[in-house]
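Both ligands and their constituent atoms are indexed starting at 1 by order of listing. Counting from 1, the numbers follow the sequence of the chain as shown.
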Amino acid sequence: MSHVAMNRRSLLQSAGAASVATFVPSGAPAQKRAQNKAQVVVIGAGISGLETALILQEQGVDVQVIEGRDRAGGRILSLSDIPGAPEAGANTFGGGYARVLDAANRYGAAYKPNRQSYLRGLEIVVDDKIVTMDKWPDHPKNPLPKEHRDDTPWGYYARFMRDNMPLTQPGDWLDPKFAAFDVSFDDWMLSKGATEEVVDMCCNHKWEYNNSTHDVSALVVMFEYLWGRSVFAPNGVRSSFIFEGGNQRLPEAMAGKLKRDVHYGTEAVAIRSDDDGAEVHCADGTVYRAARVVSSIPFPVLRRLKVEPYFTGVQRKAIWSIPRQMVTQVHLVATSPFWDDDGFKPGMHIADAPVGYVMPTFGGDDPNELTSMMALMLGNKAERADQMDEDSVKKMVIHTIEKIRPAAKGKLEAAGYKSWFRDPFASGDWTNFGPGQVTQFAGKMNAPHGRIHICGDATGLSARGMEAALESAERVAVEILDVI
Ligand SMILES: Cc1cc2nc3c(=O)[nH]c(=O)nc-3n(C[C@H](O)[C@H](O)[C@H](O)COP(=O)(O)OP(=O)(O)OC[C@H]3O[C@@H](n4cnc5c(N)ncnc54)[C@H](O)[C@@H]3O)c2cc1C
């Protein structure tokens, strides 16, 4: 602690050094300038930025978090004004999410079992019609091999992964001996005997890694598959959780533990660093000065920032080229339970329609109470939706569902809309390494760039999603504690 305190004094002195005058606009009031000095400035109040700040704060470092949006949580967003508070961002975590569970305990966020629809099954929809499981094996559009034609598309996908998996444990994805699998997931599936029709039916209609099986590395999908099994069924028993009142309660609880309030509505547009320190310039003209800057900005957004001196080598290439996923959602509330009228499950896996997936949320006190439904468009379906205005997307979604299920006619209201690509602080949902990029970038793009440290889920190596975001925070906090 004492060395931290000592360095803190010297850093605060350097933060007040002459070079500040060079960068702070001359019109900025002196008092505001003083408030904008800290040992470390963290850009982004998602969980990776907040966790970095909290670890540093615990070690006696003076940290200021700034955030472009007017809320904490980033890609964790609970829609509290819709019945059951459905999630627009991160929707669940498993019993093996050790860091998330630890954060829940440390910051005081209660969680409970998750009751979302994928645990309860989906109907298969082909050519705008529900195909029940008794008809599916003989359906002309069922592309599955004859011995498995009674599998659902998602069931066959799991079987295919299990039967063909070359990795033995999640960490193998980084082992050079498996580098040959750093090819597109599409190529890998075809090389293992899947037909193109199988890949499209089982994956591309509701694909969750970038925009199709073509732009994601097979190693990423293999890693996620093995890691997912280990964290969502840590002892062989499936577990899935959600925070009480919505997942956003975790980042809110974290932000509440910071000594310095998060500065919301503060969009970073440039980061400059030199031998004396670093500065973050914001859209409203505010300038923050610190010894170290942490960027938790997702790469598709970071690409747009002015950074001086600019990233180089592998890091520059990674920031510019890792693909991102497009996801657009419409949240729906049913005025009456039309699924009781037509007798089908409310959730749907939809082929050949503008919507890919309908996922109900059971968010009420009664575990069987369906509180809302999320219509999900992923990849090229999201791209099409994002070319339309919000109202037209909502109408298109309701029309699509009504066409498939006449019982839903007049019974659906659009209660929410979220395009993660249109969101300027996300510019997409997940980023996943493309073919060839695991070998090029994984673990090689995370080093500090001068005084700038990079965290965020995309830099996680042992985990995915929220857990990867927290893993990255630990790495960055250690990097900084090592040098101050
Ligand atoms: C639809 C969806 C479903 C998901 N489902 C799951 C799931 O079930 N389980 C799971 O574990 N994970 C899931 N995830 C992923 C999970 O949400 C992320 O991995 C995690 O929240 C990332 O945290 P982060 O801090 O790395 O990034 P972010 O949450 O993106 O945080 C970055 C922060 O930086 C801010 N920012 C960006 N640009 C600027 C700027 N210029 N100036 C100032 N601030 C800026 C942003 O507003 C944001 O608050 C899902 C994500 C989405 C979108």
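Counting heavy atoms under 4.0 Å from ligand 1, residue Thr266 touches it through the backbone alone. At a heavy-atom distance under 4.0 Å, atoms from both the backbone and the side chain of Ser48 approach ligand 1. Neither the backbone nor the side chain of Glu87 has any atom closer than 4.0 Å to an atom of ligand 1 (non-hydrogen atoms only). With a 4.0 Å heavy-atom cut-off, ligand 1 is reached by no atom of Ala468. At a 4.0 Å heavy-atom cut-off, ligand 1 touches Trp420 through the side chain alone.
In terms of N/O distances under 3.5 Å, ligand 1 is approached by Arg69. Looking at ligand 1, you won't find any N or O of Asp429 less than 3.5 Å from one of its N or O atoms. For Asp457, a nitrogen or oxygen atom sits less than 3.5 Å from a nitrogen or oxygen atom of ligand 1, counting backbone and side chain alike. Considering backbone and side-chain N/O of Ile66, none are found under 3.5 Å from N/O of ligand 1. Taking only nitrogen or oxygen atoms, main chain and side chain alike, Gly68 reaches within less than 3.5 Å of ligand 1. Residue Glu467 has no nitrogen or oxygen atom sitting less than 3.5 Å from a nitrogen or oxygen atom of ligand 1, judged on distance alone. In terms of N/O distances under 3.5 Å, ligand 1 is approached by Arg75. Taking any N or O of Thr92, backbone or side chain, at least one lies under 3.5 Å from an N or O belonging to ligand 1.
The atoms of ligand 1 that sit less than 4.0 Å from any heavy atom of Ile43 are 42 (N), 43 (C), 44 (N). In summary, the atoms of ligand 1 found under 4.0 Å from a heavy atom of Gln329, numbered by their order in the structure, are 1 (C). Less than 4.0 angstrom separates some heavy atom of Gly44 from each of these atoms of ligand 1: 33 (C), 34 (O), 35 (C). Close approach of ligand 1 to Tyr97 is summarised as follows: ligand atoms under 4.0 Å from at least one heavy atom of the residue are 9 (N), 10 (C), 11 (O). Ligand-side atoms of ligand 1 in range of Gly74: 29 (O), 48 (C), 49 (O), range being under 4.0 angstrom from any heavy atom. Atoms of ligand 1 found under 4.0 Å from any heavy atom of Val301 (numbered from 1 in listed order, with element): 38 (N). Atoms of ligand 1 lying under 4.0 Å from any heavy atom of Gly89, numbered from 1 in the order shown and given with element: 1 (C), 2 (C), 3 (C), 4 (C), 52 (C). Close approach of ligand 1 to Glu267 is summarised as follows: ligand atoms under 4.0 Å from at least one heavy atom of the residue are 41 (N), 42 (N).
A donor and an acceptor atom, one from each side chain of Ser212 and Asn204, are nowhere located under 3.5 Å apart.
Taking the six-membered ring where the residue is Trp, the centroids of Tyr310 and His449 are separated by 6.0 Å or more. Aromatic rings of Phe299 and Trp430 (six-membered ring for Trp) have centroids beyond the 6.0 Å cut-off, not under it. The six-membered or imidazole ring of Phe93 lies near that of Phe243, with a centre-to-centre distance under 6.0 Å. Aromatic ring centroids of Tyr156 and Trp154 lie 6.0 Å or more apart. The six-membered or imidazole ring of Trp173 lies away from that of Phe181, with a centre-to-centre distance of 6.0 Å or more.
Taking each heavy atom of Arg304 and Pro424 in turn, the nearest pair found is NH2-O, 2.9 Å. Considering all non-hydrogen atoms of both residues, Arg249 and Ala109 come closest at O-CB, 4.4 Å.
In this structure, Ala426 has no heavy atom closer than 4.0 Å to ligand 1. Using a 4.0 Å heavy-atom cutoff, Gly73 is listed among the residues neighbouring ligand 1. Ligand 1 is approached by Ala88 to a heavy-atom distance shorter than 4.0 Å.
By the 4.5 Å heavy-atom criterion applied to side chains, Val40 and Asp62 are not counted as neighbours.
A salt bridge links Glu308 to Lys306: at least one charged side-chain nitrogen sits closer than 4.0 Å to a carboxylate oxygen.
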Walk me through whether His263 and Tyr288 qualify under ring-ring contact (aromatic ring centres under 6.0 Å, His included).
CA-CA 11 Å; His263 289 181; Tyr288 291 81; 5.7 Å; yes

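Among the candidates Arg99, Arg106, Arg475, Lys257, the single residue satisfying the salt bridge (charged side-chain N to carboxylate O under 4.0 Å, His left out) test with Glu51 is Arg106.
Judged by the 6.0 Å distance and 45° axis criteria, Lys418 is positioned over the aromatic ring of Trp420.
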